[in-house]
Amino acid sequence: MTLTFEMVKEAQSRIGSHIIKTPLLRAHALDALLGCEVHLKLENMQVTGAFKYRGAINKILQLSEEEKQKGIITASSGNHGKAVAHGAGELGIRATVVIPDTAPPFKVAAIEQLGAKIVYSSVTERFDVSERMAEENGYTLFHPYDDDDIMAGQGTMGLEIMDQHPSLDTVIVPTSGGGMLGGMLTAMKESGSGISILGGEPAAIPRYSESLEHGERVKVESRRTIADALVSAQPGGRNFPVVQKYVDGMLKAEDASILKAMKMLLMEGRILAEPSSAVGLAAVLEDTYTPNRDEKVCFVISGGNVGFDQLRQLDDVSYGI
């Protein structure tokens, strides 16, 4: 199966009563700091606090009765696992989440509180573990990004953005394996939108920048980053061809700039965003991307699940005001 614009439209109809059509905010206070007309798509206000619920509930709603009875499994650093656990709980389905040992404890606790079974693994082995357990137990596997139904759900955000502000110039999308970016590219590019779409990723794990440069999926070294939701070392097999075909560019940002952007969002924009959500703004602060003064740039704030340990790192951070 290959993701299509029609699949994204079908997902929008399917999940409409289950998700929040999140606001697209005009953030005047950030214009001078970022050098453009700033807009924020607030997926930190989505169910479970992140965009991930769009894809998770889209796939859950298509399960057969037999699949529901056997249960589901996923691998996740936090937000996807929380989304799957919540959606499964709503429909009375048993869920197992394989969590990498780098995941923030507060995200793990949130998944446990939603009733999912937790299995720990390393970052590099988490997908192998979930696939093996799915085969052994008959679970339906919910890959966090390398799945057309998941991508279609995430792509509904692109449909919303075009409806809310069709005259945007640029949208910058935080990117890990490519589920959100691939879904949004399919929705927006295949609808004929002229909006430029850029991906943003931590400089510590530049899997898409490297892969696009080499013309094929590249697995980069798995290194720690403050952007804990963007830790995939390789683009997804279903995601990469879509990104390669449609994306207008990839941006990278260092952890120090991500923290600056996160604090700027909180103090000047009054937006609580997790580090991964701030990677696009961080790239602009670093001049990795320099928008025009009158350019209408929408930054996707992909999630707001932040722990106090992460907030404490902002105490001594300056963002240049």
Side-chain angles (χ1 to χ4, degrees), residues 11 14-15 17-20 43-147 149-154 176-177 179-180 228-232 236 274 276-277 302-310:
R14 185 179 298 116
I15 70 177
S17 63
H18 296 268
I19 66 164
I20 296 168
E43 284 294 293
N44 57 328
M45 299 181 69
Q46 188 55 262
V47 178
T48 69
F51 78 96
K52 290 286 191 178
Y53 195 65
R54 294 175 181 267
I57 194 62
N58 185 49
K59 189 170 181 68
I60 287 171
L61 291 172
Q62 296 180 78
L63 292 173
S64 68
E65 288 303 317
E66 181 181 0
E67 289 171 330
K68 291 176 184 177
Q69 291 175 8
K70 289 184 176 180
I72 61 181
I73 189 169
T74 192
S76 171
S77 58
N79 287 339
H80 175 71
K82 186 178 179 183
V84 169
H86 180 84
E90 290 287 291
L91 297 178
I93 301 169
R94 289 180 294 109
T96 300
V97 181
V98 180
I99 292 185
D101 48 24
T102 57
F106 76 92
K107 288 189 176 181
V108 178
I111 293 171
E112 286 183 309
Q113 288 171 8
L114 289 167
K117 177 183 177 182
I118 301 294
V119 175
Y120 287 98
S121 174
S122 67
V123 171
T124 55
E125 295 179 348
R126 68 195 191 280
F127 295 131
D128 291 337
V129 171
S130 62
E131 289 170 8
R132 184 175 68 250
M133 290 185 67
E135 186 174 343
E136 292 173 351
N137 297 281
Y139 300 148
T140 297
L141 182 65
F142 275 52
H143 197 286
Y145 53 84
D146 201 352
D147 182 291
D149 292 324
I150 297 292
M151 266 201 291
Q154 321 302 27
S176 185
M180 176 165 53
D228 60 88
L230 306 179
V231 296
S232 294
E274 59 189 81
S276 301
S277 296
S302 51
N305 293 314
V306 185
F308 282 107
D309 56 333
Q310 292 173 320

[X] side chain vs [Y] backbone, donor-acceptor pair below 3.5 Å:
X: D147; Y: D149; value: yes
X: R94; Y: K70; value: yes
X: T140; Y: I72; value: no
X: E90; Y: H86; value: no
X: T96; Y: K117; value: no
X: Q310; Y: G307; value: yes

Test applied, side chain to side chain contact (heavy atoms under 4.5 Å, CB included); reference residue, F127; option that passes from P100, P144, S121: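 The residue from P100, P144, S121 that satisfies side chain to side chain contact (heavy atoms under 4.5 Å, CB included) with F127 turns out to be P144.
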
So, do [X] and [Y] sit near enough that their side-chain heavy atoms are less than 4.5 Å apart?
X: L91; Y: L61; value: yes
X: H80; Y: F142; value: yes
X: V231; Y: R126; value: yes
X: I15; Y: Y53; value: no

Side chain to side chain contact (heavy atoms under 4.5 Å, CB included) evaluation trace for V47 with H18: CA-CA 8 Å; V47 178; H18 296 268; over 6 Å; no

Enclosure of E135 CD (heavy-atom neighbours >12, cutoff 6.0 Å):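 Atom CD in E135 is not crowded, with 12 or fewer foreign heavy atoms closer than 6.0 Å.
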
Within 6.0 Å of CE in M45, more than 12 heavy atoms from elsewhere: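 12 or below, so no.
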
Q62 vs R14, side chain to side chain contact (heavy atoms under 4.5 Å, CB included): CA-CA, chis, key distance, verdict: CA-CA 9 Å; Q62 296 180 78; R14 185 179 298 116; 3.3 Å; yes

First locate atom [atom1] of [X], then atom [atom2] of [Y], and finally report the distance between them rounded to the nearest 0.5 Å.
X: I93; Y: L63; atom1: CD1; atom2: CG; answer: 5.0 Å
X: F51; Y: N79; atom1: CZ; atom2: CG; answer: 7.5 Å
X: I20; Y: R54; atom1: CD1; atom2: CZ; answer: 9.5 Å
X: L230; Y: S302; atom1: CG; atom2: OG; answer: 6.5 Å
X: T48; Y: L114; atom1: OG1; atom2: CG; answer: 8.5 Å
X: K52; Y: I57; atom1: NZ; atom2: CD1; answer: 15.0 Å

Smallest separation among heavy atoms of [X] and [Y], with atom names:
X: V97; Y: A116; answer: CG2-CB, 4.0 Å
X: G303; Y: N44; answer: C-CB, 3.6 Å
X: A88; Y: I60; answer: N-CD1, 3.7 Å
X: I150; Y: G55; answer: CD1-O, 3.3 Å
X: S130; Y: L141; answer: OG-CD1, 3.8 Å
X: A152; Y: N58; answer: CB-ND2, 3.9 Å

Note: E65-K68 ion pair, threshold 4.0 Å (strictly below):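 Answer for the salt bridge query: yes.
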
